[in-house]
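Here's the structure, in structure tokens; my notes come after.
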Amino acid sequence: MFFAQGFWFPDGASTNTGDHDWLFHFILAISAIFFALIIAVGTAFVLKYRRRPGVSAEKSPTHNGTLEIVWSVIPSILIVFIFYYGFTTYLASRTMPPEAFEVQVTAKKWSWEFNYPNSAQDPDLYVPAGKAIRLVMTSEDVIHSLSIPAFRLKQDVVPGRYTDSWFQCDEPGTYNLFCTEYCGTLHSKMLAKVHVLPQAEFDDWVEKAADIVGNAPSLLAAGEILYHKRGCAQCHSITGETLTGPSFLGSFGTERAISGGGRVTMDENYVRESLVNPQAKVVAGFQPVMPTFKGMKDDEITAIITYLKSLAKGE
Ligand code: CUA
């Protein structure tokens, strides 16, 4: 049980799980064996050679060739083996298969954005099963780290440069994705799901996701979908509750003070400006922490404005 896979890790779901887990358990076992051995021998010697009245200390022998060779050669063999196995496993995980399907990843405080070749975009990662996937990652603000424990994958996501990693998952299913680099207030909520779909289902999804507004029954419905899909919900409630940003409930059309002085009416142009250039007019009392959405399509911005208007009227 102690050395069983499920005790230390979630069940592995990627093709490289076997090597990673095997090496981890091998090193763990060696460490446990030597820990027990050293503590046991140490304790035995402490008891055996403790100071006793009437017994004076003897001179210890200076040299034991056999013993020294044994305690040098055995650990050397173990360490070279661990290095060889670890290095080849690492190389395999760092060598991107040339035929891999690429997904662009953008990390920002505090959500993930996954972009596909056909311009589909989602805060969750969708991939086809049975195919090598290469993630090309960058950050809009601070250092984040993308981690998918079930795939034994972890890679820092750094502003101003691209990092990458790859995996292949043959089992359709849903897996957890975490940010594992402390990145501020909502670091612990910077979560996403990995949806591994059969190829046909994935093709269907990616086609629909490329045109959320076109596939939604109405502009209002598209706005509501985008409110969740683009990560607005993380910081702007629709219930009146104040989170990291102001609530959207009843906010459209109202006037508010902005930090640095002045007032602004929340109209169509203010919403658009706040998406494209969030730091331009920050509502007084809030931190200027919103990431930019300057890549957002015009029809998506219109859909979000429609949704905000409906919240103002309490529909
Ligand atoms: Cu992003 Cu922690």
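Numbering starts at 1 and runs along the sequence shown. Remember, it's 1-based here, ligands and their atoms both numbered in the order they're listed.
Restricting Glu181 to its N, O or S atoms, the one at the least distance from atom 2 (Cu) of ligand 1 is O. Closest approach between atom 2 (Cu) of ligand 1 and any N/O/S atom of His187 involves ND1.
Around atom 1 (Cu) of ligand 1, the angle linking His144 (ND1) with Cys179 (SG) is 120°, rounded to 10 degrees. Rounding to the nearest 10°, we obtain 110° for the angle at atom 1 (Cu) of ligand 1 between Met190 SD and Cys183 SG.
Atom CD of Gln287 has 12 or fewer neighbouring heavy atoms from other residues, nucleotides or ligands inside a 6.0 Å radius.
Between Tyr175 and Phe151, the distance separating the two ring centers is shorter than 6.0 angstrom.
If you run side-chain contact (heavy atoms from CB on, under 4.5 Å) between Phe293 and each of Arg272, Glu300, Arg230, only Arg230 comes through. Applying side-chain contact (heavy atoms from CB on, under 4.5 Å) to Lys109 and the options Asp141, Thr185, Thr244 leaves one that passes, Asp141.
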